[in-house]
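Can you keep this structure in mind? I'll have questions shortly.
Heads up: numbering here begins at 1 and tracks the sequence.
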Amino acid sequence: MNLPPLNAPYAPGQLFRHMDGGYYEYDKSVLFADDQDELVIYKHVWPFEESTWARRYSEFKARFTPILPEDLAAAKAMDRQAVQNGIEQ
């Protein structure tokens, strides 16, 4: 079986900010069983409860921006409730 290559150039633990304002951590890339499309597995780290998600790589790279650990630390210094209220759920 010839499987397509994984294209996500991210390292496990790399941090991202979603276009709506949440902060996430990349875990890994996998192939979707139905169509072998690349999926990104990632974890929400702030400002809501931690949760694990999967999204197609093409969507992930369009909606998430890489950030530095200092960016996440600065965000965590803000009022959590205020940040939650500013994010569309």
Side-chain angles (χ1 to χ4, degrees):
M1 174 188 276
N2 291 331
L3 297 175
L6 298 175
N7 297 306
Y10 313 128
Q14 186 171 350
L15 298 170
F16 291 84
R17 185 171 189 268
H18 186 269
M19 57 193 264
D20 289 339
Y23 292 84
Y24 296 83
E25 181 180 291
Y26 173 84
D27 183 24
K28 61 187 166 189
S29 292
V30 298
L31 295 175
F32 187 50
D34 289 347
D35 61 9
Q36 296 182 354
D37 198 17
E38 183 172 1
L39 299 179
V40 170
I41 308 299
Y42 60 101
K43 180 175 73 172
H44 179 83
V45 294
W46 200 81
F48 300 101
E49 297 298 320
E50 288 191 6
S51 53
T52 301
W53 298 85
R55 185 183 295 266
R56 294 187 187 278
Y57 170 62
S58 59
E59 294 174 2
F60 186 88
K61 68 181 182 177
R63 297 176 186 213
F64 292 79
T65 303
I67 63 166
L68 298 172
E70 302 85 61
D71 298 322
L72 178 59
K76 286 184 170 184
M78 295 186 284
D79 178 77
R80 184 183 199 121
Q81 187 63 50
V83 174
Q84 287 177 352
N85 292 341
I87 295 175
E88 293 183 27
Q89 292 187 32

Same cluster (ILVMFWY, side-chain, under 4.5 Å), W53 and Y26: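 Yes, same cluster.
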If you look only at distance, which donor and acceptor atoms sit under 3.5 Å apart when one is on a side chain in residues 1-15 and the other is two or more places apart or in another chain?
from, atom 1, to, atom 2, distance (Å)
Q14, OE1, A11, N, 3.2

Spacing of S29 atom OG and I41 atom CD1 [to the nearest 0.5 Å]: 8.0 Å
Solution key, residues 72-80 side-chain donor-acceptor pairs under 3.5 Å, sequence neighbours excluded:
from, atom 1, to, atom 2, distance (Å)
D79, OD2, Q81, N, 3.4
D79, OD2, A82, N, 2.7
R80, NE, P47, O, 2.7
R80, NH2, P47, O, 3.0
R80, NH2, F48, O, 3.4

Partner set under salt bridge (charged side-chain N to carboxylate O under 4.0 Å, His left out) for K43, not counting sequence neighbours: E50
With R56 via salt bridge (charged side-chain N to carboxylate O under 4.0 Å, His left out) - residues at least two apart: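 Testing R56 for salt bridge (charged side-chain N to carboxylate O under 4.0 Å, His left out), a comparison that skips the adjacent residues, returns D35, D37.
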Intermediate values then yes/no, side chain to side chain contact (heavy atoms under 4.5 Å, CB included), T65 and F16: CA-CA 5 Å; T65 303; F16 291 84; 5.8 Å; no
Partners passing side chain to side chain contact (heavy atoms under 4.5 Å, CB included) against R55 (at least two apart in sequence or in another chain): H18, Y42, E59, F60, R63, F64
Spatial distance of atom OG1 (T52) from atom OH (Y24) [nearest 0.5 Å]: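 Spacing of OG1 (T52) from OH (Y24) equals 11.5 Å.
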Atom of I67, atom of Y23 and distance for their closest heavy-atom approach: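 Shortest heavy-atom separation between I67 and Y23 comes out as CD1-CD2, 3.4 Å.
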Listed once per pair and sorted, the salt bridge (charged side-chain N to carboxylate O under 4.0 Å, His left out) pairs that draw on residues 23-33, sequence neighbours left out: none
